[in-house]
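Working notes, structure below.
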Amino acid sequence: GSEKSMSDARSGDPFETVKLKMLGRTDRVFRRLLEDSREVALKKEENKTIIFTPYGHDWRPFGHPRRKRPLHSVILDEGVSERILSDVQDFLDSPKWYID
């Protein structure tokens, strides 16, 4: 069997509990169920922004995924959005530096 519980990042209250019990020698059906569930959950977040908040020594999602906002709709001083984009691109282009 397997037991998994998640809690609300703001209050710590549980909002989802899943209990699965299996009989038999293979976990193929169990793994397929979990993979299908994962795919459905990820589809709901596709092309959306997820905000995370610190929770102890961890980071947890805060609120619901939100539609991405076009960068041009954010009012910033001249050149700020370009510097942010450049920093993000440097980060994405340098995974080895952040791992080492």
Side-chain angles (χ1 to χ4, degrees):
S2 177
E3 191 168 323
K4 175 71 177 165
S5 182
M6 296 182 69
S7 59
D8 184 282
R10 288 170 278 173
S11 68
D13 296 332
F15 64 82
E16 182 176 295
T17 300
V18 177
K19 292 182 182 184
L20 299 170
K21 294 190 182 215
M22 232 173 46
L23 296 174
R25 296 174 188 242
T26 179
D27 61 359
R28 184 178 51 219
V29 172
F30 178 69
R31 290 186 182 275
R32 179 59 192 229
L33 172 67
L34 291 176
E35 184 59 33
D36 289 349
S37 299
R38 180 178 176 275
E39 287 177 19
V40 168
L42 289 175
K43 283 266 189 220
K44 290 180 182 178
E45 298 173 355
E46 200 170 85
N47 295 316
K48 293 187 178 176
T49 298
I50 301 172
I51 298 170
F52 287 84
T53 186
Y55 188 81
H57 296 286
D58 200 7
W59 288 89
R60 295 194 179 172
F62 179 79
H64 298 286
R66 299 181 179 152
R67 287 182 298 144
K68 291 182 183 178
R69 180 175 174 183
L71 188 55
H72 67 78
S73 73
V74 181
I75 299 172
L76 298 168
D77 288 340
E78 191 172 327
V80 172
S81 62
E82 290 80 6
R83 287 195 306 271
I84 292 171
L85 286 174
S86 177
D87 285 350
V88 169
Q89 195 59 54
D90 285 347
F91 172 78
L92 294 173
D93 291 341
S94 310
K96 185 170 176 13
W97 188 88
Y98 290 95
I99 292 171
D100 292 342

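One-based numbering along the sequence shown.
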Quiz prompt | Stepwise side chain to side chain contact (heavy atoms under 4.5 Å, CB included) check, Leu71 with Ile84 | solution = CA-CA 10 Å; Leu71 188 55; Ile84 292 171; over 6 Å; no
Quiz item: What is the minimum heavy-atom distance between Phe52 and Pro61, and which atoms define it?
Solution: CD2-N, 3.6 Å
Exercise. Not counting sequence neighbours, which residues clear side chain to side chain donor-acceptor pair (under 3.5 Å) with Asp58? List them please.
Key: none
Quiz item: What pairs meet the side chain to side chain donor-acceptor pair (under 3.5 Å) rule with one or both residues in residues 65-85, with sequence neighbours excluded?
Solution: Arg69-Ser73
Residues 88-96 side chain polar contacts: donor-acceptor under 3.5 Å, at least two apart:
residue : atom : partner : partner atom : Å
Gln89   : NE2  : Asp93   : OD1          : 3.1
Gln89   : NE2  : Asp93   : OD2          : 3.4
Ser94   : OG   : Asp90   : O            : 2.7
Lys96   : NZ   : Asp100  : OD2          : 2.8

Quiz item: Is it true that Ile51 and Trp59 fall in one hydrophobic cluster, defined by side-chain heavy atoms closer than 4.5 Å?
Solution: no
Self-check item: Hydrophobic cluster membership, Ile75 vs Val80, 4.5 Å side-chain cutoff
Solution: no
Exercise. Using side chain to side chain donor-acceptor pair (under 3.5 Å) as the criterion, list what pairs up with Arg28, not counting sequence neighbours.
Key: none
Quiz item: Taking atom OG1 of Thr53 and atom OH of Tyr55, what is their separation to the nearest 0.5 Å?
Solution: 10.5 Å
Exercise. Sort out for me which residue in Leu34, Val40, Leu33 forms a side-chain contact (heavy atoms from CB on, under 4.5 Å) with Ser37.
Key: Leu33
Exercise. State which residues pass salt bridge (charged side-chain N to carboxylate O under 4.0 Å, His left out) with Arg38; sequence neighbours excluded, sorted by chain then number.
Key: Glu35
Quiz item: Any chance CG of Leu42 has more than 12 other-residue heavy atoms, nucleotides or ligands included, within less than 6.0 Å?
Solution: yes
Quiz item: Considering residues at least two apart in sequence or located in another chain, which fulfil the side chain to side chain donor-acceptor pair (under 3.5 Å) criterion with Lys43?
Solution: none
